[in-house]
Visitor: 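Just dropping this structure here.
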Amino acid sequence: MTRLPNNQAGEVVKKAIAYVGGWDKWADKKNFSFYKNITQLDSTGQEIRTTRQLQQYRLQPNFAARMTWERDGKQYIIVNNGQQAWKYEDGKELTDKKSKKEAWNSSYGSNYVISMPFKLTDPGVIMSYDGIDTLEENKMVHVVKVEYEKGAGSSGGFHTWWYYFDKDTYDLVANYLDYGNGYSYTSYKTFTDIEGIRMHKLRHSHAANAEKEVGRIKTIYANEAMQFNQPFADDLFEPIRQ
């Protein structure tokens, strides 16, 4: 919390963190697990496929992740021990460049999203206040622009985010992302309380453009069976022996 700037952007994020449970309750959480159901839609809004992933994260004292899912009859696992990430298909490591990149980006990216707004206290965050805006259904929001110093994490200097917090409650409403070669807009739909922390259950990822115009829903993410501080096996975040 001490990393948050003493300006209007920092105040908005402080109030957002307080609204979802406060820093002390978050700091008490050692790990987190849940099932994420990922439903992809075509241009007409029809379902293409749904993938159900088990995601398990060590939050403290240092980050680690494991993601497990099945697709087209094959079993996939991503492991990230905080220093290196691997992707496996039916127990065999995938060593191509695309798989290595996915292992790293997916595990860190999913943890980043599920840990909002707490992740806005990470080192290297550059935030500024962009005023009040009005989103869908005339919802008024505070807009906080978030950039990252080069070398901060794995995307520092490449990604720019705009986070939208409810004008009155400071609840997380949506975010817009410029990820360097494209844009996306995410709307947060429903939330639930998990051991004193307000966690989102449902969000929609939309197509978007450089003018922040929001298009069709491309992907629906629904979280289930969210749990903190469950016992994990000692070797859960270690590379799988071949």
Side-chain angles (χ1 to χ4, degrees), residues 20-21 25-42 45-60 62-82 85-94 99 101-119 171-175 177 184-206 217-240:
V20 298
K25 287 183 181 177
W26 178 254
D28 187 51
K29 312 307 184 194
K30 306 303 180 185
N31 62 54
F32 184 60
S33 64
F34 69 108
Y35 285 94
K36 181 164 78 170
N37 300 300
I38 307 166
T39 301
Q40 298 170 294
L41 307 178
D42 64 20
Q46 296 298 306
E47 179 180 329
I48 299 173
R49 79 159 76 216
T50 295
T51 302
R52 181 175 172 85
Q53 290 184 341
L54 171 61
Q55 299 198 2
Q56 299 164 293
Y57 295 103
R58 184 174 64 209
L59 305 176
Q60 298 185 56
N62 46 65
F63 169 85
R66 186 182 180 102
M67 306 166 67
T68 307
W69 71 100
E70 185 178 328
R71 178 179 292 174
D72 299 330
K74 295 183 180 296
Q75 186 78 15
Y76 293 93
I77 297 174
I78 284 176
V79 177
N80 186 330
N81 66 2
W86 302 265
K87 182 179 179 181
Y88 301 91
E89 180 184 86
D90 289 337
K92 180 181 179 181
E93 182 183 354
L94 301 176
S99 294
K101 185 176 181 179
E102 181 188 353
W104 188 262
N105 291 344
S106 294
S107 50
Y108 272 114
S110 293
N111 173 255
Y112 179 83
V113 172
I114 200 68
S115 302
M116 281 295 158
F118 300 99
K119 291 296 286 181
D171 199 11
L172 179 59
V173 175
N175 67 252
L177 169 63
S184 69
Y185 175 88
T186 298
S187 55
Y188 292 80
K189 298 301 184 182
T190 62
F191 295 80
T192 189
D193 182 280
I194 307 295
E195 296 185 26
I197 299 294
R198 181 174 168 85
M199 304 291 291
H200 77 266
K201 288 180 63 179
L202 180 68
R203 60 188 170 95
H204 293 172
S205 177
H206 302 249
I217 299 174
K218 298 178 66 177
T219 311
I220 297 173
Y221 299 93
N223 300 333
E224 297 179 347
M226 293 182 279
Q227 295 180 309
F228 285 110
N229 295 346
Q230 296 299 300
F232 286 164
D234 292 340
D235 61 350
L236 186 67
F237 305 113
E238 294 301 319
I240 297 173

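What you see is a predicted model, and the numbers here were worked out from it, not measured in a lab. When reading the values below, keep in mind they use all heavy atoms of this one structure, side chains included, and skip hydrogens, waters and symmetry mates.
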Visitor: Got a second to check how far F191's CZ is from H200's NE2, nearest 0.5 Å?
Guide: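 Result: 7.5 Å between the selected atoms.
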Visitor: Does a side chain donor of either T186 or R203 reach within less than 3.5 Å of an acceptor in the other side chain?
Guide: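 On atom types as modelled, these side chains do not qualify, holding no pair under 3.5 Å.
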Visitor: Give a yes or no answer on whether the side chain of D42 reaches the backbone of G45 with a donor-acceptor pair at less than 3.5 Å.
Guide: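 Yes, the answer is positive, given that a donor and an acceptor are paired below the 3.5 Å cut-off.
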Visitor: Side chains of W86 and N81, heavy atoms from C-beta outward: is any pair under 4.5 Å?
Guide: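 Side chain of W86 against side chain of N81, heavy atoms only: contact under 4.5 Å found.
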Visitor: Side chains of N37 and R52: any donor to acceptor distance under 3.5 Å?
Guide: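 The criterion, which ignores hydrogens and geometry beyond distance, is satisfied for N37 and R52.
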Visitor: Return the CG to CE distance between N111 and M67, rounded to the nearest 0.5 Å.
Guide: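 Reported to 0.5 Å precision, the distance equals 10.0 Å.
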Visitor: Hey, what do you get for OG (S33) to CG (L54), rounding to the nearest 0.5 Å?
Guide: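 Here the rounded value is 7.0 Å.
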Visitor: Rounded to the nearest 0.5 Å, how far apart are CZ of F34 and CD of Q55?
Guide: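 Atom-to-atom, F34:CZ and Q55:CD are 4.0 Å apart.
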Visitor: So does D193 pair up with K201, basic N to acidic O under 4.0 Å?
Guide: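 Judged by the 4.0 Å cut-off on N to carboxylate O distance, D193 and K201 do not form a salt bridge.
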Visitor: Taking N223 as the fixed residue, which of I114, T192, I194, T190 is the one that meets the side chain to side chain contact (heavy atoms under 4.5 Å, CB included) rule?
Guide: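 Result for side chain to side chain contact (heavy atoms under 4.5 Å, CB included) with N223: I114.
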Visitor: Report yes if the distance between the aromatic ring centroids of F228 and F32 is under 6.0 Å, otherwise no.
Guide: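 Under 6.0 Å, so yes.
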Visitor: Can a donor-acceptor pair be found, under 3.5 Å and without considering hydrogens, that links the side chain of K36 to the backbone of T51?
Guide: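 It does not hold such a pair.
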Visitor: Identify the two heavy atoms, one from F237 and one from A64, that lie closest to each other, and give their separation to 0.1 Å.
Guide: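 Distance-wise, the nearest heavy atoms are CG-CB, 3.5 Å.
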Visitor: Is a donor on one side and an acceptor on the other found under 3.5 Å between the side chain of Q60 and the backbone of N31?
Guide: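 Between the backbone of N31 and the side chain of Q60 there is no qualifying donor-acceptor contact (under 3.5 Å).
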Visitor: Show every donor-acceptor pair shorter than 3.5 Å between a side-chain atom in residues 73-80 and any protein atom, with sequence neighbours excluded, or say none if there are none.
Guide:
residue : atom : partner : partner atom : Å
Y76     : OH   : E89     : OE2          : 2.7
N80     : OD1  : G82     : N            : 2.7
N80     : ND2  : S107    : OG           : 3.0

Visitor: So which atom in A174 and which in Y185 form the shortest heavy-atom distance, rounded to 0.1 Å?
Guide: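 Smallest interatomic distance, heavy atoms only, reads CB-OH, 3.3 Å.
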Visitor: Can you label the angle between the W26 ring and the F118 ring as parallel, tilted or perpendicular, going by 30° and 60°?
Guide: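 Rings of W26 and F118: parallel, as their planes differ by under 30°.
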Visitor: Between Q53 and Y35, does a side-chain contact (heavy atoms from CB on, under 4.5 Å) hold up when you go through it step by step?
Guide: CA-CA 5 Å; Q53 290 184 341; Y35 285 94; over 6 Å; no
Visitor: A quick test of your reading: do over 12 heavy atoms of other residues, nucleotides or ligands sit less than 6.0 Å from NZ of K189?
Guide: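 Enclosed: over 12 neighbouring heavy atoms sit under 6.0 Å from NZ of K189.
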Visitor: Apply side-chain contact (heavy atoms from CB on, under 4.5 Å) to S115 and Y57, showing your working.
Guide: CA-CA 11 Å; S115 302; Y57 295 103; over 6 Å; no
Visitor: Let's go through Q227 and E195 carefully: what are the C-alpha distance in whole Å and the side-chain angles of both, what is the deciding distance for side-chain contact (heavy atoms from CB on, under 4.5 Å) to 0.1 Å, and is it a yes or a no?
Guide: CA-CA 8 Å; Q227 295 180 309; E195 296 185 26; 5.6 Å; no
Visitor: Starting at NZ of K218, measure out to NE2 of H204 and round the result to the nearest 0.5 Å.
Guide: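 Between K218 NZ and H204 NE2, I get 15.0 Å after rounding to 0.5 Å.
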Visitor: Is a side-chain donor or acceptor of N229 paired with a backbone partner of K30 at a separation under 3.5 angstrom?
Guide: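 Yes.
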Visitor: Scan L172, D171, V20 and name whichever one has a side chain to side chain contact (heavy atoms under 4.5 Å, CB included) with P117.
Guide: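 For P117, the side chain to side chain contact (heavy atoms under 4.5 Å, CB included) test succeeds with only one of L172, D171, V20, which is V20.
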Visitor: So F63 and Y108, would you call those rings parallel, tilted or perpendicular, with 30° and 60° as cut-offs?
Guide: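 Because their plane-to-plane angle is under 30°, the rings of F63 and Y108 count as parallel.
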Visitor: For the residue pair S187 and H206, confirm or rule out a side-chain donor-acceptor distance under 3.5 Å.
Guide: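 Yes, H206 and S187 have a side-chain donor paired with an acceptor closer than 3.5 Å.
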Visitor: For the residue pair T50 and T39, confirm or rule out a side-chain donor-acceptor distance under 3.5 Å.
Guide: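 Result is yes, a qualifying pair exists.
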Visitor: Check E93 with K87, please: is the shortest side-chain N to carboxylate O separation under 4.0 Å?
Guide: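 No, this pair does not count.
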Visitor: Quick one: CD on E238 to CZ on R66, what's the gap to the nearest 0.5 Å?
Guide: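 Those atoms lie 10.5 Å apart.
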Visitor: For the residue pair L41 and T219, establish whether any side-chain heavy-atom pair is separated by less than 4.5 Å.
Guide: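 L41 vs T219: side chains apart.
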